[in-house]
Protein chains: 2
Amino acid sequence: MAEQKRLSEAYWNTAYPLVGHGQRTLSVLQTALQESNGQQVSDLYGKGELIESFQQKLADFLGKETAVFFPSGTMAQQIALRIWCDRKGVKRVAYHPLCHVEIHEEDGLKELHHIETLLLADTDRLIRLSDVTSMREEVSCLLLELPQREIGGELPEYQELEAISDYCRQKGIRLHLDGARLFEVLPYYKKSAAEIAKLFDSVYLSFYKGVGGIAGAILAGEEPFIEQAKVWKRRYGGDLISLYPYIVTADYYLEKRLPHFQQYYEQAKELAASYNRCQGVETRPAVPVSNMFHVHISLPKEKLEPLLIEVYEAADVGLIPYVKEKSGSSSSFEVNVGDQYAAVPKEKLERAFDLLNEKLTEAMS
Amino acid sequence: MAEQKRLSEAYWNTAYPLVGHGQRTLSVLQTALQESNGQQVSDLYGKGELIESFQQKLADFLGKETAVFFPSGTMAQQIALRIWCDRKGVKRVAYHPLCHVEIHEEDGLKELHHIETLLLADTDRLIRLSDVTSMREEVSCLLLELPQREIGGELPEYQELEAISDYCRQKGIRLHLDGARLFEVLPYYKKSAAEIAKLFDSVYLSFYKGVGGIAGAILAGEEPFIEQAKVWKRRYGGDLISLYPYIVTADYYLEKRLPHFQQYYEQAKELAASYNRCQGVETRPAVPVSNMFHVHISLPKEKLEPLLIEVYEAADVGLIPYVKEKSGSSSSFEVNVGDQYAAVPKEKLERAFDLLNEKLTEAMS
């Protein structure tokens, strides 16, 4: 634990912490608010110009009829799945074994809705068309996450996605998109958000991943679906009197960063290549398909942490603020590319990776 | 609808809109943030100095072991009731027929938890000890709201509250406090928050009523109860990556306004008296016991609205921005006293009520 804290401190003490958009501090909110009109009136329990115009803007962006802003994706997605289950009268949904609903929500879907789940594919690969066509139990909805975050941010080819969507439509299975990182995959697919969203009946988007907002989510779909989602939002206690701190920041950072996702994607490929040329290091995917990837290093956490600290201190570049134990002999971590990457001078970055490679080679010899 | 909008506009167009702390605009957030340290690090999924210190501060204020910050009271209270039901193994709770859980949450408690409810007292009076001692069904928890907002903000005498608490403890019934307006009743009871909270097993507090924050709630109680509440908070999607916009503002306005609740209470009594001397007007309670009360006027909404607009325009004082239809022949509205009241010059206020009385007398003759 102490070493973990030391790694994080060493990371933030460098002149160039590399990942994401930098530290989540109050200045994120202050910056967005400086450009806001203080006389603008708050949203009021889901009503008002401030929330309604943002909802419509995102609905348009996604090519959907309408949308509703949620405080969290956890809430938005459970509700989407519940509505599709009620619509069909079948309390069962299908998704990946490592999807957010399954592993990060304390079983909210099951505890609050008693919805059964069918886990498709394995923990180390994507859901394929054949997984979907061979489902043995009836489900109301299939949830797909693009990219599949917990396996490094992998993506199916677009044709396979279309085939899955076609199959679900034929079979009366609703398709829900966990698009927490949808902005991030548009450059790889070379598609608009609306083109991708068209394959799905309901779409969830997040504003604090690549966008770099504070929190908040959008759920988009057809009018009757969204009207039901608003009722559930109130039931959950998500229909706050004012959600504007999240909406104003989501809008501000979306405008600021939407033009940069292509760049984040290119930089992620560059950064992954830098990792892959180091001894005992490989990224997953080998070539990223979004702004994210996972790094796997053949060194146990307790050996990797002090080694990284040495690199940070010598190069003044922070590579990652934490490391996870993968097995007794290897470690891993997740990398997201955001605004920070472009701020690091190229020669500093090269020096950091040269050092990392040297030290890893030494440690593994 | 058009007239309703005109009333609201006329209200906000006066130099002295009378109720609450003024309009809910972005400046509420901007003001609080100007005094914040931009380098302060965000809370992260319920962890970190920013959220933990505020939770402990409120736990201490309430004399409880610990506390957890929630995005909303709806979420906090449903969860409290669920935990008490699970603890006892009885899925039934008792509360007032006009409590928030019953009328403002789209039946979240029933839809998400399948908890039965026993409604005590009637829609026009408080829950009494005799209602509690004569319950015919077993319940896990009794929820009491102080003050009972939907009937104008009435309060039981403190001795009755103590007797209800004693009875519940004897009978193994958990007592939960809906303290959305707990700060507001301390002056009447002449008790500390901790003295009142001591009568209850769990306490919920809100930060956007008298405190005037943006949103957010605290749930306080013993450690194992709060630990379970945190699990449910995650299940609900309430464990946002960052809740700090609500926490920072709750703390800022709490510090600013906590010293003024005695004053709001005294002013509410003064303001209620001004209403009560007008023709066909009575407040409930006749003498307020907090900073709030309801006003009932023997004139239908469609006659009262234009009359109020005339008063606002002539006196440059806004009394209330909306009016509710009560029956075909009378109207009502809720008044909260906050910072705005003290800003109105006494003679302006007197003139407004003289005018109101004149016009009501005329309209009713």
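The chains referred to below are lettered A, B, ... by the order of the sequence lines, with proteins before strands, and numbering in each begins at 1.
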[Y] side chain reached by [X] side chain, heavy atoms, under 4.5 Å:
{"X": "A:T74", "Y": "A:Q78", "value": "yes"}
{"X": "B:F207", "Y": "B:I218", "value": "yes"}
{"X": "A:F225", "Y": "A:I83", "value": "yes"}
{"X": "A:E150", "Y": "A:I103", "value": "yes"}
{"X": "A:K209", "Y": "A:N336", "value": "no"}

Among [options], single out the residue with the greatest number of heavy-atom pairs under 4.5 Å to chain B.
{"options": "A:E105, A:Q40, A:H113", "result": "A:Q40"}
{"options": "A:V248, A:L243, A:D107", "result": "A:L243"}
{"options": "A:H104, A:Q30, A:Q77, A:Q23", "result": "A:Q30"}

In terms of heavy-atom proximity below 4.5 Å to chain B, should [X] be classed as side chain, backbone, both, or neither?
{"X": "A:Y236", "value": "both"}
{"X": "A:L240", "value": "side chain"}
{"X": "A:N37", "value": "backbone"}
{"X": "A:L50", "value": "side chain"}

Residues in residues 227-235 of chain B that sit under 4.5 Å from chain A, counting heavy atoms only: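 Within residues 227-235 of chain B, near chain A: B:V231, B:W232, B:R234, B:R235.
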Could you look at [X] and say if it's the side chain, the backbone, both or neither that has a heavy atom under 4.5 Å from chain A?
{"X": "B:F70", "value": "neither"}
{"X": "B:L112", "value": "both"}
{"X": "B:L109", "value": "neither"}

Short side-chain donor-acceptor distance under 3.5 Å, B:S242 and A:R24: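 Side-chain D/A pair, A:R24 to B:S242: present.
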side-chain hydrogen bond (donor to acceptor under 3.5 Å, both in side chains) assessment of B:S8 paired with B:K5: CA-CA 5 Å; B:S8 169; B:K5 204 179 159 201; over 6 Å; no
Euclidean distance, A:S140 OG relative to A:I115 CD1, rounded to 0.5 Å: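 Rounded to the nearest 0.5 Å, the CD1-OG separation comes to 8.0 Å.
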Rounded distance [0.5 Å steps], CD in B:E102 versus NE2 in B:H96: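 Going from the CD atom of B:E102 to the NE2 atom of B:H96 covers 11.0 Å.
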Distance flag, aromatic centroids of B:F54 and B:Y244, threshold under 6.0 Å: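 So the answer is no for these two rings.
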A:D251/A:K57 ion pair, N-O < 4.0 Å: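 So A:D251 pairs with A:K57 through a salt bridge.
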Option in B:Q34, B:R82, B:E106 with maximal non-hydrogen atom pairs under 4.5 Å from chain A: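 Between B:Q34, B:R82, B:E106, the count favours B:E106.
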